[in-house]
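Keep in mind it's a predicted model, so treat the numbers as computed, not measured.
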Amino acid sequence: RNLFLAKKVAAKLESIGATVVLTRTSDSSMTNDTRIQKVKNAKANLAVSIHRDSAANTSANGYSTFYFNPYTQLPADCINKQMKKANIYKTIREMRGHVFFLSRVSDCPVVLTENGFMSNSSDYNNIILNDKKNEAAADAIVKGIVDYFLTIG
């Protein structure tokens, strides 16, 4: 389901002229080192890591955006604002800093998104499996990316 959403985002970005490099294009696993090398080799201006969340508490739900440092806070904020406007998720968590591996060693800003909880039946059935909601989430992520690049000129 992560790759499903990532491919939607990629297609939308490509349709407006962006060059997009996916770290993976199939449901194969990948080491963090391989993922980082792909981002570095692409000489990316921004990396957006798309995930689905999970929690032991099955009532946990919604969307989260994570950033590593002030350098990555602006693109995270742009994406988060667009996700709030899209009104897809019952809960949009406040943006949080993170120390995920990819963001600490990349040459470009990295934003990590958690797009619904696989462990929450409502998120899973009403958002993650719903193609219209995935389209809306992809639109929001793309609008946030565009806003970021317009902001930095």
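A side-chain donor-acceptor contact under 3.5 Å links Asn61 and Thr91.
The hydrophobic cluster containing Met83 also contains Val146, counting ILVMFWY residues as joined when their side-chain heavy atoms lie under 4.5 angstrom apart, directly or transitively. Two different hydrophobic clusters hold Phe4 and Val9 under the rule that ILVMFWY side chains link at heavy-atom gaps under 4.5 Å.
For Ser122, the side-chain hydrogen bond (donor to acceptor under 3.5 Å, both in side chains) criterion is met by Asn126, not counting sequence neighbours. The salt bridge (Lys or Arg N to Asp or Glu O under 4.0 Å) check on Arg24 picks up Asp27, with sequence neighbours excluded. In terms of the salt bridge (Lys or Arg N to Asp or Glu O under 4.0 Å) criterion, residue partners of Asp139 (sequence neighbours excluded) are, by chain and number, Lys12.
Evaluation of the salt bridge (Lys or Arg N to Asp or Glu O under 4.0 Å) test over residues 110-131, restricted to residues two or more places apart or in two chains, returns Lys8-Asp131. Residue pairs meeting the ring pair (Phe, Tyr, Trp, His ring centres under 6.0 Å) criterion with at least one member in residues 13-47, sequence neighbours excluded, do not occur. Under the salt bridge (Lys or Arg N to Asp or Glu O under 4.0 Å) criterion, no residue pair touches residues 33-52, with sequence neighbours excluded.
Between Ile79 and Tyr148 there is no side-chain heavy-atom pair separated by less than 4.5 Å.
Ile50 pairs with exactly one of Leu22, Val111, Leu112, Asn115 by the side chain to side chain contact (heavy atoms under 4.5 Å, CB included) rule, that one being Asn115.
Residues Tyr124 and Phe117 keep their aromatic ring centres 6.0 Å or farther apart.
With Thr72 contributing its side chain and Phe68 its backbone, the two residues share a donor-acceptor pair below 3.5 Å.
Ion pairing of Asp77 with Lys81 is present here, as a side-chain N (NZ or NE/NH1/NH2) and a carboxylate O approach within less than 4.0 Å.
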